[in-house]
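Worksheet: the structure to be examined is printed underneath.
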Amino acid sequence: MDSAGPGLFPPIEPFDSGMLAVGDGHQLYWEQSGRPDGTPVVFLHGGPGAGCAPTHRRFFDPAFYRIVLFDQRGAGKSTPSGELAANTTAHLVEDLEPCAATSASAAGWCSAVLGQRLALAYAQVHPQVCRGLILRGIFLGSDAEVDWFMYGIGRFYPEAYRAFVEAIPALERDDLLHVPPADRAGPRHPPRRGAGLEPLRRRLLDAVAEPGHRAQLLRDRFRRAAGADRGRTTSSTGCSLEPARCLARVEAIRHLPAVIVQGRYDMVCPIATADQLHRAWPEATYDVVADAGHAALEPGIRRALINASERFKRLG
């Protein structure tokens, strides 16, 4: 039986892959699979820090699509692993442009982008080259979303949450976002090191394996993505981290076909944010999976994502 679950396209291997220098010391792993002359589609993994997996190629028909995957800064096979310097939403958006430069289609280099917040941010900054969006598990980085993940989710997963915070000094647990990161650790904050970054959607639930390492990574990445600088960090292209601005910029992409896939019981990215996005963007198809949570490979989520990628063939 297929361990990734039924309904996916058959396993495939990349026909091309490599490392791409994007500046600031970062090297990104990238790969292409499927049909070399097919309609390009980009899969953006969750984050921060998740990385791509072979299963992600299988959301798309390899006989139709040229499937582009890459590991974002500090994630997966990209180097340096876990690096937070020069690693913001703005940097990640700009990293997609080298892919666009290699495309043969000047009218729109990607038929669709499947992803989460980064996909939305990229389309808003570069609506002229993105021809459609498949969005899943919406997270905009608001105070309420971050507070929920850092504190509220423990009401539903108390065992995992205890494991998550046990490695943090008791006096610091009321303000998890502002515990000094490992690279500024001192006598009161010994460095916590471990293996590579884990997907955000699994951070808390997997914390029991290496609680100290994952707790440190979670705080560091959230502080960068949604901490003290939230709402003030803007790139030269206008990619703001402010949730209200993100919703306001829907006007720039209102004309694009889009599908929002959301699990009703998503504990990582609660449905209220997806509902907020759809109210700002009623033209987008809103697919609420009644019996699903957050993971892309849950049967209902998987089915909805594949159905969307099949519908998007008409954009090619």
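A quick note: this is a predicted structure, and the numbers were derived from the prediction, not measured.
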Has [X] got a side-chain atom pairing as donor or acceptor with [Y]'s backbone, closer than 3.5 angstrom?
| X | Y | value |
| --- | --- | --- |
| S309 | F59 | yes |
| R302 | L297 | yes |
| E298 | G293 | yes |
| R58 | F9 | yes |
| R136 | G263 | no |
| Q262 | V289 | no |
| E145 | S142 | yes |
| H56 | H45 | no |
| D287 | A304 | no |

message: Can you tell me which residue among V22, L118, L96 is in a side-chain contact (heavy atoms from CB on, under 4.5 Å) with Q72?
response: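 Going through V22, L118, L96 one by one, the side-chain contact (heavy atoms from CB on, under 4.5 Å) with Q72 is satisfied by L118 alone.
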
Is there a side-chain contact between [X] and [Y], using heavy atoms and a 4.5 Å cut-off?
| X | Y | value |
| --- | --- | --- |
| L305 | I134 | yes |
| L69 | W30 | no |
| L140 | L120 | yes |
| R57 | P62 | no |
| D95 | L20 | no |
| V68 | R66 | yes |
| R254 | E283 | yes |
| L44 | L114 | no |

What are the two closest heavy atoms between [X] and [Y], and how far apart are they?
| X | Y | answer |
| --- | --- | --- |
| I67 | G34 | CD1-CA, 4.4 Å |
| G51 | A75 | N-CB, 4.0 Å |
| L135 | Q116 | CD2-O, 3.8 Å |

field: Of all pairs that satisfy side chain to side chain donor-acceptor pair (under 3.5 Å), the ones with a partner from residues 14-25, not counting sequence neighbours
entry: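 Residue pairs passing side chain to side chain donor-acceptor pair (under 3.5 Å), neighbours aside: D24-R73.
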
- prompt: side-chain contact (heavy atoms from CB on, under 4.5 Å) between Y286 and V288: does it pass, once the steps are laid out?
  reply: CA-CA 6 Å; Y286 187 32; V288 177; 3.5 Å; yes

field: I138 reachable from V93 in the ILVMFWY side-chain graph, under 4.5 Å edges
entry: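 The answer is yes; both residues are in one hydrophobic cluster.
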
Path from I253 to L277 over hydrophobic side-chain contacts below 4.5 Å: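 Yes: a chain of side-chain contacts under 4.5 Å links I253 to L277.
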
For the atom pair [atom1] ([X]) and [atom2] ([Y]), what is the distance rounded to the nearest 0.5 Å?
| X | Y | atom1 | atom2 | answer |
| --- | --- | --- | --- | --- |
| I271 | Y265 | CD1 | OH | 9.5 Å |
| S81 | Q27 | OG | CD | 14.0 Å |
| F139 | R117 | CZ | CZ | 7.0 Å |
| E94 | L92 | CD | CG | 9.5 Å |

task: For the pair Q276 and T273, evaluate side-chain hydrogen bond (donor to acceptor under 3.5 Å, both in side chains) and give the outcome as yes or no after the intermediate values.
output: CA-CA 5 Å; Q276 187 180 21; T273 305; 5.0 Å; no

message: Counting only heavy atoms not in F15 (residues, nucleotides, ligands), do more than 12 fall under 6.0 Å from its CZ?
response: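 Result for CZ/F15: enclosed.
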
task: State plainly whether the residues D61 and K313 are in salt-bridge range, i.e. N to O under 4.0 Å.
output: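 Counted as a salt bridge, because a side-chain N and a carboxylate O are separated by less than 4.0 Å.
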
Verdict with supporting geometry, T39 and F64, side-chain contact (heavy atoms from CB on, under 4.5 Å): CA-CA 6 Å; T39 298; F64 181 87; 3.8 Å; yes

task: Carefully, step by step, assess L28 and D71 under the rule side-chain contact (heavy atoms from CB on, under 4.5 Å).
output: CA-CA 6 Å; L28 306 188; D71 291 333; over 6 Å; no

message: Using the rule given for side-chain contact (heavy atoms from CB on, under 4.5 Å), can you reason through C52 versus F43, listing the C-alpha separation, both sets of side-chain angles and the distance that settles it, and then say yes or no?
response: CA-CA 8 Å; C52 289; F43 180 92; 4.3 Å; yes

task: Describe, in one word, how the ring planes of F60 and Y65 are oriented to each other, choosing from parallel (under 30°), tilted (30 to 60°) and perpendicular (over 60°).
output: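 Geometry flag for Y65 against F60: perpendicular rings.
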
- prompt: How are the rings of H126 and Y122 set to each other: parallel, tilted or perpendicular (split at 30° and 60°)?
  reply: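 Taking Y122 first and then H126, their aromatic rings sit tilted (interplane angle of 30° to 60°).
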
Summary of salt bridge (Lys or Arg N to Asp or Glu O under 4.0 Å) pairs that have at least one residue in residues 258-278, sequence neighbours excluded: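 Salt bridge (Lys or Arg N to Asp or Glu O under 4.0 Å) check on residues 258-278 returns D275-R279.
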
